[in-house]
Chemist: 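I have a structure I would like to understand better, so I am pasting it below and will then ask my questions one at a time.
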Amino acid sequence: AFALGILSLLGSRVPLSLKIFLTSLAIFDDVGAIVIIALFYTAELSVLSLLVAAACVGVLALLANKRIMAPGPYLVVGLVLWVAMLKSGVHATLAGVLLAMFIPMHHTSGQADDSPLRRMEHGLHPWVAYMVLPIFAFANAGLNLQGLGAEQVLHPVTLGVASGLFLGKQLGVMLCVWACVRMGWAPLPAGATWGMVYGIAVLTGVGFTMSLFIGGLAFTGEQPFDERLGIVLGSLLAGVWGYLVLRSTTKAPAAAGATA
C-alpha cells in the first residue's frame with residue numbers, strides 16, 4: 001500500500017503497466033513471506049491437525065470442481081482449515097492463501113464481476129483496509145525513539161534489515177527481470193524502460209506489514225536492538241530513492257491544449 005501510494009504521487013507519468021507490475025510483485029512478495037513463515041517459524045507439528053488441514057484442502061478442491069458459487073461452504077471449510085493450521089504448528093496465515101486458491105474467479109454465468117472471489121474481495125476490503133491493517137500497524141509499529149543513539153542505528157541487525165529492504169529487494173527484482181527478458185520468457189512492461197523498472201524495483205523495498213510480522217516472529221524477548229528501526233530506515237530510503245528515480249526516468253504528460 002505504501003509503495004503504491006508513492007507511485008500514485010507521480011500520477012500519469014507512470015505507465016499503467018508499471019502500476020500493474022508493482023501490484024503483482026507486492027502480491028507475490030507477500031505470498032512468499034507467508035510461505036517463509038509457514039516453513040521456518042513453526043512450532044512442533046501435529047500430524048492429526050495436518051491431516052484435518054489436508055482434508056479441508058480436498059473439500060475445497062471438490063467445491064471448486066463442482067463449481068459451487070455460494071461463498072458459505074468455502075467460508076465454513078476455510079474456518080476449519082484455519083483452526084487446523086493454527087493447531088498444527090504451521091503458521092495459520094497459510095490457510096488464507098490456500099483458501100483463496102480454490103474460490104472460483106469466474107461465475108458460471110460468465111460474469112466476472114459476479115464471481116465469488118470478486119464479491120468476497122470487495123466485501124472484505126473495507127474491513128481489512130480500515131480496521132485490520134490500522135490495528136495491526138498500531139500494535140506492531142510502536143518504535144520507541146527514547147534514548148535512541150548511534151549504537152542502535154548502527155547495530156548489525158538494524159543495518160542488515162535496512163540493507164535487505166533497500167539493497168536486497170532492488171537487486172533481486174532487477175536480476176529476476178533481467179533474466180526473464182534475457183531468456184525471452186517475458187518482455188518489459190509496455191511503455192517502460194529499464195530505468196523505470198529499476199525505480200519500481202527500489203520501491204519494492206518499502207516494507208511494513210509482512211516485515212513487521214516476520215521481525216516480530218524472528219526476534220523475541222529483550223534485544224539490544226529494535227528490528228523495526230531497520231524496517232523504517234530501509235523503507236524510507238527505498239521510498240525516497242524510488243520516487244526520485246521514477247521522477248527522473250518518466251516524462252510529465254503534455255499540458256492540455258499544447259501544440260505539437
Side-chain angles (χ1 to χ4, degrees), residues 1-40 93-94 96-98 100-103 105-106 112 115 117-118 121 125 159-215 230-254 260:
F2 288 127
L4 289 171
I6 294 171
L7 197 63
S8 68
L9 295 176
L10 296 165
S12 57
R13 295 171 65 106
V14 180
L16 178 61
S17 61
L18 278 181
K19 297 177 182 178
I20 296 173
F21 180 60
L22 177 59
T23 305
S24 303
L25 274 176
I27 292 171
F28 282 104
D29 183 58
D30 280 359
V31 171
I34 291 171
V35 172
I36 289 173
I37 290 171
L39 293 177
F40 299 105
T93 49
L94 192 60
V97 178
L98 292 173
M101 290 173 60
F102 292 100
I103 300 175
M105 295 178 61
H106 303 284
S115 68
L117 186 63
R118 180 68 64 87
E121 177 188 359
H125 176 73
L159 293 178
V161 172
S163 299
L165 289 172
F166 180 62
L167 298 176
K169 282 292 189 73
Q170 60 176 278
L171 182 61
V173 171
M174 285 302 293
L175 284 176
C176 184
V177 173
W178 177 84
C180 289
V181 174
R182 182 75 173 176
M183 298 296 291
W185 296 339
L188 285 178
T193 64
W194 279 108
M196 297 178 189
V197 173
Y198 172 66
I200 294 294
V202 175
L203 281 186
T204 61
V206 179
F208 193 72
T209 310
M210 296 310 298
S211 298
L212 290 172
F213 200 1
I214 293 180
I231 294 172
V232 171
L233 291 176
S235 298
L236 284 174
L237 286 172
V240 173
W241 181 239
Y243 173 82
L244 293 175
V245 170
L246 284 170
R247 187 167 182 83
S248 65
T249 55
T250 57
K251 295 180 179 180

Chemist: What is the distance from atom OH of Tyr198 to atom CD of Gln170, rounded to the nearest 0.5 Å?
Modeler: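 Answer for the OH-CD pair, Tyr198 versus Gln170, is 4.0 Å.
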Chemist: Taking Ser235 for the side chain and Val232 for the main chain, is one N or O donor matched with an acceptor at less than 3.5 Å?
Modeler: no
Chemist: Pick from Ile214, Leu165, Leu236: which one makes a side-chain contact (heavy atoms from CB on, under 4.5 Å) with Ile231?
Modeler: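 Running side-chain contact (heavy atoms from CB on, under 4.5 Å) over Ile214, Leu165, Leu236 with Ile231 returns exactly one hit, Leu165.
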Chemist: For Leu203 versus Ile6, what's the shortest heavy-atom pair and its separation?
Modeler: CD2-CG2, 3.8 Å
Chemist: What is the minimum heavy-atom distance between Gly191 and Pro15, and which atoms define it?
Modeler: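 So the two residues come closest at O-CG, 3.6 Å.
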Chemist: If you measure from CG on Leu18 to OG1 on Thr23, what distance do you get to the nearest 0.5 Å?
Modeler: 10.5 Å
Chemist: Can you measure from CG (Leu244) to OG1 (Thr249) and round to the nearest 0.5 angstrom?
Modeler: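 Atom-to-atom, Leu244:CG and Thr249:OG1 are 10.5 Å apart.
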Chemist: What heavy-atom pair brings Ala3 and Val206 nearest, and what distance separates the two atoms?
Modeler: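 Closest heavy-atom pair between Ala3 and Val206: N-CG1, 4.3 Å.
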Chemist: Which pair of heavy atoms, one from Ala238 and one from Gly205, lies closest together, and at what distance?
Modeler: CB-C, 3.7 Å
Chemist: For Val177 and Phe21, run side chain to side chain contact (heavy atoms under 4.5 Å, CB included): C-alpha distance rounded to whole Å, both residues' side-chain angles, the deciding distance at 0.1 Å, then the answer.
Modeler: CA-CA 11 Å; Val177 173; Phe21 180 60; 3.7 Å; yes
Chemist: Show your working on side chain to side chain contact (heavy atoms under 4.5 Å, CB included) between Val173 and Ile200 and close with a plain yes or no.
Modeler: CA-CA 9 Å; Val173 171; Ile200 294 294; 5.9 Å; no
Chemist: Identify the two heavy atoms, one from Arg247 and one from Arg13, that lie closest to each other, and give their separation to 0.1 Å.
Modeler: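 So the minimum-distance heavy-atom pair works out to O-NH2, 2.6 Å.
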Chemist: Give the minimum heavy-atom separation between Val14 and Lys19, together with the two atoms involved.
Modeler: O-CE, 3.7 Å
Chemist: In this structure, are over 12 heavy atoms from other groups packed under 6.0 Å from Trp178 atom CH2?
Modeler: no
Chemist: Between Thr204 and Asp29, does the side chain to side chain contact (heavy atoms under 4.5 Å, CB included) criterion hold? Intermediate values first, please.
Modeler: CA-CA 9 Å; Thr204 61; Asp29 183 58; over 6 Å; no
Chemist: When rounded to the nearest 0.5 angstrom, what is the spacing between CD1 in Ile103 and CG in Leu98?
Modeler: 11.0 Å
Chemist: Between CH2 of Trp194 and CG of Leu188, what distance do you get to the nearest 0.5 Å?
Modeler: 4.5 Å
